[in-house]
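What follows is a short report on a single structure.
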Amino acid sequence: MSHFGMPSFDYLGEQIQTVLSEPSTPHGLARALRHVAKEIELHRYHHATERAWPDGRIDQKPTKIQIGGGTHRVDGFFNIDAVPPADLLWDVREGIPLHDETVQLIFSEHFLEHIDYPRSVKNYVREAHRVLRPGGQIITGVPDATFALSQYPGPLDPGDEMVERWYAKRSCRPDINTRLDLVNLVFRDQDDDPKYTPHLWAYDYEKLVQLFTEAGFATVEPWTFDPKIANGKRRWGSVYVVASK
Ligand SMILES: C[S@@+](CC[C@H](N)C(=O)[O-])C[C@H]1O[C@@H](n2cnc3c(N)ncnc32)[C@H](O)[C@@H]1O
């Protein structure tokens with residue numbers, strides 16, 4: 001039991017695994033519980049870091065950070081991600097645990113669409129503005145919804161480039177039957193896969209400009225893809241912007 005007198009998250013996690021191992025657990029309940037189990041796993045990592053830095057600010061003052069980089073490391077960048085491997089395990093929905101105006105450059109790609117809009121997305125963009133120095137920049141790349149929507153309506157060719165590049169090796173391939181299925185994947189990819197956080201919102205250039213402008217950034221412009229920083233597999237079908245404080 002925790003000090004609040006509530007069942008601890010670990011205990012809850014064990015109970016959920018027991019229920020999930022029961023073949024009789026209905027699909028809808030199992031689906032919801034898998035999401036809770038995933039959140040408990042993220043919370044376990046986050047909580048371990050939070051215990052080390054209870055005021056929500058770490059001692060280090062990295063000047064270049066990557067958010068949600070996963071296994072994509074960038075030389076010279078301090079990686080913050082909810083799960084390993086990362087330099088700091090932290091759930092960015094709870095803020096960015098860095099001091100005000102200490103960061104020169106934030107890089108993130110294919111991360112923003114995985115956190116809930118508007119609460120966590122707008123909070124994240126505000127936090128990015130807080131930790132950046134005056135003149136500092138944030139580069140953000142996401143799957144480009146305009147790109148997916150521009151091909152709809154229309155038939156789905158058997159050799160569709162988006163299917164080949166993004167989904168050919170994945171288990172969802174047999175269920176991509178129409179162009180609308182591709183649009184759906186941009187909006188809610190991996191919705192029922194316990195290994196991944198799903199897509200929760202879709203973005204285009206206009207939406208990215210609006211978000212960063214609303215948070216007080218002075219300029220927001222298209223970012224020219226640089227493979228020295230960005231993941232090469234994201235070049236195709238993504239939209240990137242760079243916002244300056
Ligand atoms: C689709 S992967 C992209 C990885 C990498 N940026 C790339 O383009 O290959 C999304 C990443 O965001 C991270 N992520 C998702 N939600 C997060 C959160 N709330 N806080 C921190 N990282 C998160 C995931 O753990 C994962 O590493």
Side-chain angles (χ1 to χ4, degrees), residues 9 34-50 53 56 58 62 64-98 103 105-128 131 138-145 147-148 162 165-167 169-172 185-203 208 223 225-242:
F9 292 125
R34 279 197 296 274
H35 281 288
V36 179
K38 176 77 188 172
E39 288 292 345
I40 290 172
E41 185 198 345
L42 296 189
H43 181 72
R44 191 174 292 126
Y45 290 125
H46 179 82
H47 190 54
T49 307
E50 207 178 27
W53 311 105
I58 64 170
K64 291 194 215 172
I65 63 169
Q66 179 178 216
I67 306 272
T71 54
H72 176 74
R73 312 282 302 190
V74 193
D75 274 354
F77 281 71
F78 183 83
N79 289 286
I80 301 177
D81 200 297
V83 297
D87 298 311
L88 189 77
L89 296 173
W90 186 265
D91 179 351
V92 174
R93 292 172 298 184
E94 303 303 318
I96 299 177
L98 300 176
V103 179
L105 181 60
I106 302 176
F107 179 75
S108 123
E109 61 189 340
H110 287 242
F111 153 73
L112 199 69
E113 71 275 15
H114 293 275
I115 60 173
D116 53 291
Y117 177 88
R119 186 264 186 201
S120 298
V121 169
K122 292 198 170 186
N123 188 44
Y124 163 69
V125 177
R126 275 193 301 271
E127 281 285 278
V131 301
I138 175 168
I139 299 165
T140 306
V142 283
D144 188 0
F147 180 71
M162 192 187 292
R165 284 178 181 268
W166 286 351
Y167 308 114
K169 295 187 189 130
R170 288 182 31 187
S171 60
C172 61
L185 276 167
V186 169
F187 282 75
R188 65 190 107 221
D189 194 6
Q190 300 165 155
D191 184 40
D192 200 20
D193 188 326
K195 290 196 289 297
Y196 297 98
T197 47
H199 289 187
L200 296 180
W201 206 252
Y203 296 89
L208 292 176
W223 183 69
F225 192 91
D226 178 356
K228 288 198 290 300
I229 301 179
N231 187 341
K233 73 178 183 186
R234 306 298 185 198
R235 184 193 286 265
W236 195 87
S238 301
V239 53
Y240 287 83
V241 296
V242 53

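Atoms within a ligand are numbered from 1 in the order they appear, just like the ligands themselves.
- Between Y203 and Y117, the two ring planes are perpendicular [angle over 60°; tilted spans 30° to 60°].
- The aromatic ring centroids of F147 and W236 lie less than 6.0 Å from each other.
- Ring geometry, F107 versus Y240: the interplanar angle falls under 30°, so the pair is classed parallel (tilted spans 30 to 60°).
- Between A202 and V186, the shortest heavy-atom distance links the atoms CB-CG1, 4.5 Å.
- The contact shell of ligand 1, taken as protein residues with any non-hydrogen atom closer than 4.0 angstrom, comprises G68, G69, G70, D81, A82, V83, W90, D91, V92, R93, E109, H110, F111, H114, I115, T197, N231, R234.
- In this structure, E39 does not pair ionically with R34, as no charged nitrogen and carboxylate oxygen lie closer than 4.0 Å.
- With sequence neighbours left out, the salt bridge (charged side-chain N to carboxylate O under 4.0 Å, His left out) criterion links D87 to R73.
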